[in-house]
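Residue numbering restarts at 1 for every chain, and letters A, B, ... go by the order of the sequence lines.
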Amino acid sequence: MAESKHQYAFFLGCIAPNRYPGCESAAIKTSAKVGIELLPLKGAGCCPAPGAFGSIDLNVFYALAARNLVLAEQMNMDITLICNGCYKSIWEVNHILKHNDELRDGVNEVLKEVDMEFKGSIDVWHLAELYYDPKICGVNKLAASVTRPLTGTKIAVHYGCHLMKPGKERHFGDTENPMWIDELVEALGAEAVQYRNKMQCCGAGGGVRGYDLTHSLDITNEKLINVTEVGADAITEVCPFCQLQYDRGQIEIEEKFGKTYGIPVLHFNELLGLAQGMSPQELALDLHGIDCKPFLEKIL
Amino acid sequence: MADENWNPKIIAIICNWCSYAGADLAGGARIQYPPDIRAIRGMCTGRVDPLFIMKAFHDGADGMLISGCHFGDCHYLEGNYKCAKRMFLVKNVLKNIGLNDRRLRMTFVSASEGAKWGMVMEDVVKTVKELGPSPLSEYQK
Amino acid sequence: MATEKNYGNPELEAKLRDRYLYTDDTNPEFLNDVKKVSRTIAHMCYQCGTCTGSCPSAPRSSYRIRLFMRRGVLGLEKEALNDPDLWLCTTCYSCTDRCPRDIAPTDVIMAMRNLAFKYDIVPRNFLKTVQLIYTTGHGVPNNDVNRSAREKLGLSRDPPTTHSYPEFMPGIQKIIDHYKLKENADRILAEEGQ
Amino acid sequence: MAEAKEQPRIGVFICHCGTNIAGSLSIEEVKEYAMTLPGVVVAEEYQYMCSTPGQSIIVDAIAEHNLNGVVVAACSPRLHEPTFRIATQEGGLNKFRFEMANIRDQNSWVHMHDWEGATSKAKDQVRIAVAKARMLEDLEPKSVPVEHAALVVGAGVGGMQAALDLASAGIKTYLVEKNPTIGGRMSQLDKTFPTLDCSQCILTPKMVDVGRHPNIELMTYTEVENVEGYIGNFTITLRKKARGVLTPAEAEARGIVGGGCNGCGDCAEVCPVIKPNPFELGMAPRKAIYIYHPQVNPLLYTVDFDSCIKCGLCVTACGEEKKAIDLDVVDTFEQVRVGTCILAIGYDLIPIEGKKEWGYKRYDNVITGLEFERLICASGPTGGKLIRPSDGQIPKKIGFVLCAGSRDNTGGVAKPYCSRFCCMYSLKHAHQIMEKIPGAVPYLFYMDIRSFGKMYEEFYYRIQNEGAKFIRGRVANILEDPTSKNLTVFTEDTLLGRPLSLEMDMVVLAAAIQPKPEAERIRQMFGVSKSQDGWLLEAHPKLNPCGTTTAGIYLAGVCQGPKDIPDTVAQAEGAASAASIPIHIGEVQLEPYFAQCIEELCAGCGMCVNLCPYGALDLVEKDGRDVMEVTEAKCKGCGTCGGFCPGGAIKMQHFTSPQICAQIDAFLLEGGEQ
Ligand SMILES: Cc1cc2nc3c(=O)[nH]c(=O)nc-3n(C[C@H](O)[C@H](O)[C@H](O)COP(=O)(O)OP(=O)(O)OC[C@H]3O[C@@H](n4cnc5c(N)ncnc54)[C@H](O)[C@@H]3O)c2cc1C
Ligand SMILES: Cc1cc2nc3c(=O)[nH]c(=O)nc-3n(C[C@H](O)[C@H](O)[C@H](O)COP(=O)(O)OP(=O)(O)OC[C@H]3O[C@@H](n4cnc5c(N)ncnc54)[C@H](O)[C@@H]3O)c2cc1C
Ligand code: SF4
Ligand code: SF4
Ligand code: SF4
Ligand code: SF4
Ligand code: SF4
Ligand code: SF4
Ligand code: SF4
Ligand code: SF4
């Protein structure tokens, strides 16, 4: 692994490249500024979506995730990614298969049909944790890359569920009141505001968004109430699926419940892009359902 | 791989204060393990003379276990350290005479570790079964 | 096993039907199946309620994760798998993080969903995702609005995934076919007239 | 190799233990097999060998068959070796002519479903035991006098009770407490369940008794530094920590007649250094020269040298007459000799902030049960007014989180066991707020109410009747409103099957308890084991709950496992009684397992001398050459020297090399080589 140069196979997933391409381009450009190089993971597919696939057949879930992992093993490179859902599939399946011989053998039997073998030779990281890791980047280096500090803005961090939980298997420490992404946000010059029930789910996961949209949106609505209560100018997250839920979800909430929030929702990479001087156009912020202008006006 | 039906001969010398009590506790808790091991009670692993080990292997033991207190917990302060030191030497000797040194094991099981005793029993039997009959036991016949 | 009332009035008998729990309501293998798929110690639940108390879905619905844990322990397979609430878990893992028995209730739900699927019990949104991945490799595939946006950003119109490298599609399809997932999804959707 | 001088005549006695043994292996086969073993002249079986008729079988058989060795195949020698040794002795044999085969704890109970495997193992075990029995020799236990004094470590209610009992039984008792005052946790409590008497009111008289009992030498601010010796003759080195303040006696010894600390407090008045008072859990200040609280015993100030800036103001304030303060003192050491020791070192709460979901230390109004005790106590930091730490307001809705970190298998700070008194003290707390704060409502979030003691269930009834709300559901998490600092408690009312969120003014966590961090060092010094969860290990959970596996060391109170005050005191009295027995008898018999030098074989190499952890061995000159010599009184019989001697010159009595080799041979060669 070319870790000394901090090169990673960049696993895109579905929602980032196909709905919020700004997250993808922002990731590539912002990470380059702190010495991380992202290389395309050719032929990767859906992670696969843990809620959708895990719910109906975990074996398929393991096998499809393993296929993506093998692509990176063939590049001999660790994976990094920018989506919590992908993290759950790719990181967790890597972890499980490394530690469970029986499952690994089962998965490899299937992979043999497509001439692949899971070896367990690489690791998987969320790009945000690489930003936080002082051995790779760290808060200080990230702060140094900022050319347009987000001073004067209040940002509510949504950590999401699948990055850090279940906490025991992961390595992020406190899952009840984590602060590390808040630290990253403050490194960009913004104020990371603390709001009620920060770790509550956005409501989208587990297939619930597809199964019962109003139920799912009602959870989102609760989060939005908590976020607006502390006067946040924007929500940031590290997961395009949470982004979709907050961003498109606000429109759906307006339609279904008649409540309007209008809080811009930005992936941390988009936020970082802005702080490093990228323009809203370069980040395709116009694709967002909720207008980012009120937030942009505060910083541009 | 060894014959599943083969019953290895394994002898254990265990310390009265920790492992023997742990083994009794395993009994109290009805933890089930294979019956291949015969335990001899000593007062301390410090008592284990390397000659006992050589004698056992000479007599055809397929495996041997020495088990005592955790470091720092020896009823006699440091008998287990002294035994552990000797074990390195004995393992060396075993290797030199062509015996796999995994046949000899030293473990640390306290009086409260009934479950661990069960695991040690399983594991020692498994290891010895994997190694098969001791070459010396053939010679004994 | 329920006692026959022989009132000669089916309506009345239905109303007064004994509602005891009978052994034939339960499937003794259910708990084992759940444990096997979930790889968690589902039988150790002591019904403390921490999970439901943690659950974002509970307050806004009749979904009770603790109830599913209980059904697992008792082997109430039909009751668990036929309950539409089974699909309301957002897999947020809050319950798993807090369960004092160190059980992963989330994984129990996932296991029950897997088992439900074996009986063709599955909401159709899950099946549609299967079809999408089978045909495109992505659960959320690209579209034209996005393609032009990508272009403007200096990205390739299609990402360097299966979208750009369709030669990887047969591999994905083979894996899905191995488990007959597409086949089953198509069949269930067809039966439902979708 | 055999050393037997007489023809072995061994009797083998096999026990059924009801079905404990007989249900898992064939007693009949083992008995028949035993008869075939060399030296065995009789083999018998019986339902319960340890019963009186069972023992009579042994006694009778010794006479009838003129036995010179007895083997009982039954439970563990750790349980019944003493029993059968007595039977052997009653039969007229030396009691060391007895050997036991453990076919229950290490056979029938662990191979319950392997009839054949268990039976064949039992035969081997009997064969091994017979092989040893053939070589047993008469031994005489060594009798040593017992020091007529005892040591108690820790002066909580457990240690105090034990010390009082020992002292009242006429035994000189050293009571060692590491804190400046005695009293332990109980002195921090306000009232005690189920009677609700004031903790200080019932404790203070005991503290006073301890202070003035002529047989108790109270040593506060003192810790155990080193332990040497064995039952009857322990030499304990104590570190008397530098206190900076002289007692009247110490002052007098320095020629300051009528001087020494009288507890006037003038010094603390002037001391400029302010620190949190640990007794009040940091909720009240103390000075660098301090007492914990007004009822301390001894009433003697202490200088905290870690924070003292040596300004000398206190010295001036104390004055020339008393001259009680000496800022230059250092730790001193003292050795005491005692016959037996009792450990009563108590417990701590777990660092409950490690359970992040409840927000302790993050939310102002989440407190622990112990903090509640101080806040509700009339002599506490608020004068007994229960107030919210955030704003000093009186709380009206108070949530009690039971099992906070107990019965929790998630690791980290959590503990799998039940802490055993938190249900009861939470009931007590509920009562206290209803009594003190008109209109206040306690909400107890519980999984089970474990009110199993005498009058405890009745106490539960009473508190429910008084209006406390009980919600059966473990608390999932707590959220704080940042403005009001109110707390929302989330759980499920599991009886309704409904999620619940309730806003509280204050939340009290019934935090789990854990062993003291220093318990580890203490137990290693005294040679006591710990149980899986770190509490000090008793010799037997039912039959010897006060003793330990180290003769002469006993346990009292929570250091052995969670227990409330009644159980602590009961165990303390038990421990005191057990510890006084050897002292009253005046001598103990040590098992004669000591080393002996076979001088003809000793090469005088001296390698063994440094191996002995007790310094029992020396090289001496005899007949013009060096040989090793054992000081039997020092030897504890570990056999470390015997395991090492290159010449085989050390004979470990009752565990001789020939005996052990015979056991090995018996198993592996089926007794072939003799
Ligand atoms: C909030 C709360 C409320 C309670 N309420 C009640 C109640 O109402 N009724 C009831 O029956 N029980 C109650 N209990 C339980 C009660 O506190 C214990 O049962 C009791 O205090 C145990 O006494 P102990 O002597 O074993 O230990 P401790 O009281 O802990 O005493 C141990 C002593 O040993 C000392 N020590 C520790 N280590 C050393 C060392 N190395 N060298 C020298 N000395 C040392 C300590 O300083 C301490 O003085 C309550 C407990 C809590 C936490
Ligand atoms: C079904 C059951 C199962 C149990 N299982 C367990 C268990 O698994 N573990 C456990 O720890 N505990 C268990 N217990 C509890 C256990 O039985 C008691 O804790 C224990 O027996 C109490 O012993 P004791 O000496 O106080 O009373 P007892 O055993 O009742 O002994 C009292 C003795 O006093 C004699 N006596 C009574 N009156 C007089 C008199 N006037 N004059 C002279 N002698 C008299 C009686 O005949 C009797 O021999 C169990 C109890 C029951 C009922
Ligand atoms: S939190 Fe765990 S133990 Fe408690 S009810 Fe839920 S699954 Fe059962
Ligand atoms: S994982 Fe599912 S059951 Fe558990 S708390 Fe989240 S939504 Fe509820
Ligand atoms: S001697 Fe031991 S095995 Fe026999 S009845 Fe007594 S307790 Fe049971
Ligand atoms: S040290 Fe002196 S001033 Fe201080 S309390 Fe004692 S007697 Fe009073
Ligand atoms: S010398 Fe120390 S104890 Fe005395 S008054 Fe000064 S700071 Fe306080
Ligand atoms: S005593 Fe009650 S509150 Fe304490 S751990 Fe046991 S059950 Fe829980
Ligand atoms: S080690 Fe053996 S030979 Fe050497 S001095 Fe000691 S007893 Fe004598
Ligand atoms: S047996 Fe040997 S080493 Fe052990 S105490 Fe006695 S003399 Fe010392």
Checklist entry - Considering only heavy atoms from C-beta outward, does the side chain of Lys121(D) approach that of Pro35(B) to under 4.5 Å? => result yes

Checklist entry - Is there a side-chain contact between Ser529(D) and Trp17(B) (heavy atoms, below 4.5 Å)? => result no

Checklist entry - Hey, is Arg41(B) close enough to Glu81(D) for a salt bridge, meaning N to O under 4.0 Å? => result yes

Next on the checklist: With rounding to the nearest 0.5 angstrom, report the OG1 to OH distance, Thr640(D) to Tyr76(B).
Outcome noted: 9.0 Å

Item to check | Under 4.5 Å from any heavy atom of chain D - which part of Ile31(B) | outcome: backbone

Checklist entry - How about Glu518(D): does its CD atom have over 12 heavy atoms from other parts shown lying under 6.0 Å from it? => result yes

Checklist entry - Tell me, do Ile660(D) and Asp49(B) make a side-chain contact under 4.5 Å, heavy atoms counted? => result no

Next on the checklist: Please identify, among Arg78(D), Lys530(D), His654(D), the residue contributing the most non-hydrogen atom pairs under 4.5 Å to chain B.
Outcome noted: Arg78(D)

Checklist entry - Less than 4.5 Å apart, any side-chain heavy atom of Phe644(D) and any of Pro50(B)? => result no

Item to check | Lys/Arg-Asp/Glu bridge criterion (N-O < 4.0 Å) met for Arg523(D), Asp73(B) | outcome: yes

Item to check | Ser657(D) and Arg47(B): CA distance, side-chain angles, deciding distance, side chain to side chain donor-acceptor pair (under 3.5 Å) verdict | outcome: CA-CA 9 Å; Ser657(D) 296; Arg47(B) 172 70 184 102; 3.2 Å; yes

Next on the checklist: I'd like to know which of Asn107(D), Asp124(D), Leu537(D), Val528(D) tops the heavy-atom pair count under 4.5 Å against chain B.
Outcome noted: Asp124(D)

Next on the checklist: Could you check whether atom CZ of Phe88(B) has more than 12 heavy atoms from other residues, nucleotides or ligands sitting under 6.0 Å from it?
Outcome noted: no

Item to check | Residue selection (most heavy-atom pairs with chain B, distance under 4.5 Å) from Asp533(D), Leu611(D), Asp105(D) | outcome: Asp105(D)

Checklist entry - Measuring heavy-atom distances to chain D, does Lys9(B) have an atom under 4.5 Å in its side chain, in its backbone, in both, or in neither? => result both

Next on the checklist: If I measure from the heavy atoms of chain B, does Leu79(D) come under 4.5 Å with its side chain, its backbone, both, or neither?
Outcome noted: neither

Item to check | Contacting moiety of Ser108(D), where chain B heavy atoms sit under 4.5 Å | outcome: neither

Next on the checklist: Counting C-beta onward and ignoring hydrogens, is there a side-chain heavy-atom pair between Thr550(D) and His75(B) closer than 4.5 Å?
Outcome noted: yes

Checklist entry - Closest approach of Gln106(D) and Ala39(B), non-hydrogen atoms and distance? => result OE1-CB, 3.9 Å

Checklist entry - Is any side-chain heavy atom of Trp109(D) less than 4.5 Å from a side-chain heavy atom of Gln32(B)? => result no

